[in-house]
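Worth knowing before you read on, the calculation uses all heavy atoms, side chains too, and leaves out hydrogens, waters and symmetry mates. Naming: A, B, ... by sequence-line order, numbering from 1 per chain.
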2 protein chains.
Amino acid sequence: MSDLAKYPGFKLMSYIRLVFTLDLFGDKKTGMMRNTLRRLPLYAQIKSVLIRRIGEGEWQANQALPSEWELAAQLDVSQGTVRKALGELVAQGVLYRRQGRGTFVAEVASDWGAGYLVTPGFLDEKPDMLVLELLGCSRGNAPEDVAQTLGLRRGEAVIRVRQLWRLRGMAVALDDAYLPAESFDGLDARSIRQCGGDVYVTLQRRFGVRPRVAVEQWRAVALSREDAAMLGVAPDQPTLSQLRVSTTMEGEPLEWRQRVCLTDALAYTTGRQP
Amino acid sequence: MSDLAKYPGFKLMSYIRLVFTLDLFGDKKTGMMRNTLRRLPLYAQIKSVLIRRIGEGEWQANQALPSEWELAAQLDVSQGTVRKALGELVAQGVLYRRQGRGTFVAEVASDWGAGYLVTPGFLDEKPDMLVLELLGCSRGNAPEDVAQTLGLRRGEAVIRVRQLWRLRGMAVALDDAYLPAESFDGLDARSIRQCGGDVYVTLQRRFGVRPRVAVEQWRAVALSREDAAMLGVAPDQPTLSQLRVSTTMEGEPLEWRQRVCLTDALAYTTGRQP
DNA sequence: CAGTGGTCTAGACCACTCG
DNA sequence: GAGTGGTCTAGACCACTGA
């Protein structure tokens with residue numbers, strides 16, 4: 001127990017325990033909370049600590065975390081409490097577990113997000129790989145609706161990213177994403193390109209942030225002339241339009257993203273992963 | 001303990017315990033499974049029993065289940081195991097819990113499913129109520145793709161339900177649903193109309209089945225002439241098309257449903273419930 | 001105040017994986 | 001065989017609800 005300090009994250013944890021558990025709020029051994037002020041349950045505190053340590057790069061994607069018992073000893077809680085925290089992180093897609101092997105950090109989701117493109121009406125089809133192409137990354141001022149959604153002042157600086165998705169060589173979707181410039185200073189075309197053109201991967205690697213899709217809106221629209229030209233189709237073609245807002249794991253707005261997707265020969269499928 | 005038999009579902013449970021736990025597979029007290037044949041974990045068996053008892057109408061919507069300790073005594077397992085089963089049923093939307101009050105049966109989802117219709121770009125808008133109108137219910141033969149998805153033989157008997165959704169009086173969506181006729185013998189226009197025109201509510205009340213959305217496919221299409229006439233719009237209008245397949249809680253295909261939804265002034269929103 | 005769900009602990013044993 | 005996650009039990013105490 002005396003070598004706790006050698007573990008990264010110990011300081012944070014001991015701070016939390018000191019302030020929120022031992023001194024002010026109660027005695028973890030019995031679960032007592034002597035104060036009427038709320039504190040986060042232990043397992044929720046552990047979730048935060050693990051998310052932070054993952055963000056700091058302590059464990060890379062597909063690397064194993066310490067075992068439940070090891071973590072319990074590090075954090076000075078019972079194995080059952082660690083288990084509950086890990087279980088919620090698995091449910092959130094941050095971790096995955098393999099019986100007999102260990103608990104691993106999940107790959108960060110790509111910009112594509114959940115869902116896949118298959119032939120309409122076919123539900124068990126294995127989807128083809130999407131290829132991502134970064135069209136551009138620029139700084140600008142937040143449009144009205146973007147600013148409101150991201151909680152920015154009107155016209156505040158944002159980073160705008162444009163991307164094109166190809167399936168078997170054909171352009172199938174066009175993305176237009178906005179992020180608050182203040183929070184992501186080094187986010188530019190070069191850094192995104194180093195991460196395969198993928199913003200979410202870049203956010204994870206460079207800023208330790210794991211985006212999380214909060215809301216999606218679906219509409220059928222007629223393509224704008226520019227978008228139609230970019231996708232190489234007639235401008236009157238009915239097109240699937242998706243608006244997505246992503247947040248941090250803690251729920252702060254992170255990204256506003258508009259996608260148009262050609263669905264004359266494809267269907268955007270959500271739910272069961274094949 | 002001796003009055004276990006007065007509880008509905010006892011027979012099933014004792015059968016399960018007899019066959020799967022005590023005699024063949026091990027000793028629940030220690031969690032041992034002496035046989036290499038798999039058995040379901042206790043908490044999963046309890047989930048099945050509870051789903052069945054809910055389906056049989058033992059507890060109606062918004063009624064409280066017995067307490068965790070009461071259920072544990074009934075089923076002869078520990079409170080923690082009951083808790084795990086209840087927790088998963090909450091996650092699946094079958095139950096909800098209120099601290100200090102109890103565990104309650106959730107309302108069965110309506111045919112509309114998840115998601116709501118709001119003004120495009122507005123994410124926190126309170127959605128207006130949708131009004132459902134049953135257009136018709138008829139028997140017929142399964143179209144090729146429906147039969148394949150529902151696991152029926154080609155041309156096997158199906159029940160077809162047509163519904164119209166209105167928002168502030170305006171027709172906004174049109175549904176076309178197919179269910180296997182063999183499984184739902186009394187399902188007709190009259191019985192559906194008794195349940196407000198809602199198929200899922202009817203399935204719950206009359207057949208004890210709680211549908212569960214398994215997959216959704218999204219496309220933008222041009223409306224067919226008939227659908228356009230039904231919705232009162234021009235036939236070339238871009239329209240959101242949704243294909244949905246629902247299953248039972250156990251995963252057997254239940255329903256194939258095609259929906260067209262007008263999204264020129266509305267957006268189909270999924271994710272965060274307001 | 002009694003009853004309910006929510007959290008936390010401790011200990012046991014199982015099934016699975018890998019060297 | 002050692003180490004991992006998965007299941008199950010038992011017991012304690014908390015926060016919340018409603019009579």
Side-chain angles (χ1 to χ4, degrees), chain A residues 16-17 20-22 24-47 50 59 63-73 75-91 95-105, chain B residues 16-17 20-22 24-47 59 63-91 95-105:
Chain A
I16 289 177
R17 300 296 298 283
F20 288 96
T21 307
L22 298 178
L24 288 181
F25 295 98
D27 173 0
K28 117 187 127 51
K29 292 290 178 192
T30 61
M32 256 197 266
M33 302 182 195
R34 296 206 186 87
N35 202 304
T36 50
L37 286 174
R38 298 245 193 103
R39 62 148 197 177
L40 278 175
L42 261 184
Y43 73 86
Q45 296 179 34
I46 290 170
K47 276 177 63 179
L50 292 177
W59 309 289
Q63 276 189 355
L65 265 62
S67 74
E68 293 178 351
W69 286 101
E70 172 71 21
L71 282 172
L75 304 169
D76 191 23
V77 298
S78 79
Q79 172 261 0
T81 302
V82 170
R83 185 170 186 75
K84 175 148 187 171
L86 293 178
E88 295 214 348
L89 291 175
V90 169
L95 303 175
Y96 61 92
R97 325 185 79 177
R98 293 287 175 268
Q99 188 172 18
R101 297 189 51 207
T103 304
F104 304 85
V105 178
Chain B
I16 289 178
R17 299 296 301 283
F20 288 96
T21 308
L22 298 178
L24 289 181
F25 295 98
D27 173 0
K28 117 188 125 53
K29 292 290 177 193
T30 62
M32 258 197 264
M33 302 181 195
R34 296 205 185 88
N35 202 303
T36 49
L37 286 174
R38 298 244 192 102
R39 62 147 196 176
L40 278 176
L42 261 183
Y43 73 86
Q45 296 178 34
I46 291 170
K47 277 177 63 180
W59 308 290
Q63 277 191 354
L65 267 61
S67 75
E68 294 178 350
W69 286 102
E70 173 70 22
L71 282 172
Q74 278 183 31
L75 304 169
D76 191 22
V77 297
S78 78
Q79 173 260 0
T81 302
V82 169
R83 186 170 184 76
K84 174 147 189 173
L86 293 178
E88 296 213 346
L89 290 174
V90 169
L95 304 174
Y96 62 92
R97 325 186 78 177
R98 293 288 175 267
Q99 187 172 23
R101 298 190 50 208
T103 304
F104 304 85
V105 178

From [options], nucleotide with atom closest to [X] side chain:
X	options	answer
A:T81	C:dC8, D:dG6, C:dG5	C:dC8
B:K84	D:dT7, D:dG18, D:dG5	D:dT7
A:V77	C:dT17, C:dT9, D:dT7	C:dT9
B:R101	D:dG5, D:dG18, D:dC8	D:dG18
A:L42	D:dC8, C:dT9, D:dG6	C:dT9
A:R83	D:dG5, D:dA15, D:dG18	D:dG5
A:S78	C:dG5, C:dT9, D:dG5	C:dT9

Take the protein atom [atom1] of [X] and the nucleotide atom [atom2] of [N], then report the distance between them rounded to whole Å.
X	N	atom1	atom2	result
A:L86	C:dC8	CG	C1'	15 Å
A:Y96	D:dG6	OH	P	13 Å
A:L65	D:dG5	CG	P	9 Å
B:L75	D:dT9	CG	C1'	15 Å
A:E68	C:dC16	CD	C1'	14 Å
A:Q99	C:dC16	CD	C1'	5 Å
B:E70	C:dA2	CD	P	19 Å
A:Y43	C:dT9	OH	C1'	16 Å

Subject >> For A:A72 against A:S78, the heavy-atom pair lying closest together >> reply: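 Minimum heavy-atom contact is CB-C, 3.8 Å.
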
Original post:
What are the two closest non-hydrogen atoms of B:W59 and B:A64, and how far apart are they?
Top reply: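 Taking every non-hydrogen atom into account, CD1-O, 3.9 Å.
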
Original post:
With a 4.5 Å limit on heavy-atom distance, are the side chains of B:L65 and B:L86 in contact?
Top reply: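 A side-chain contact under 4.5 Å exists here.
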
Original post:
Between A:T103 and A:L89, is any pair of side-chain heavy atoms under 4.5 Å apart?
Top reply: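 In short, these two side chains do not touch, never coming nearer than 4.5 Å.
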
**OP:** Looking at every strand, decide which applies to A:R98 at a 4.0 Å heavy-atom threshold: base, sugar-phosphate, or nothing.
**Re:**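 Sugar-phosphate: the residue A:R98, judged by heavy atoms under 4.0 Å, touches backbone atoms but no base.
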
Original post:
Between the main-chain N or O of B:L40 and the side-chain N or O of B:Q45, is there a donor-acceptor pair closer than 3.5 Å?
Top reply: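 Pair found, side chain donor or acceptor close to backbone of B:L40.
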
Original post:
With respect to the phosphate group of D:dG6, does any side-chain polar atom (N or O) of A:R97 fall under 4.0 Å of OP1 or OP2?
Top reply: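 The answer is yes; a side-chain N or O of A:R97 sits under 4.0 Å from OP1 or OP2.
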
Original post:
For DNA chain C, whose closest nucleotide is more 5', that of B:G102 or that of B:Q79?
Top reply: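 Between the two, 5'-proximity favours B:G102.
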
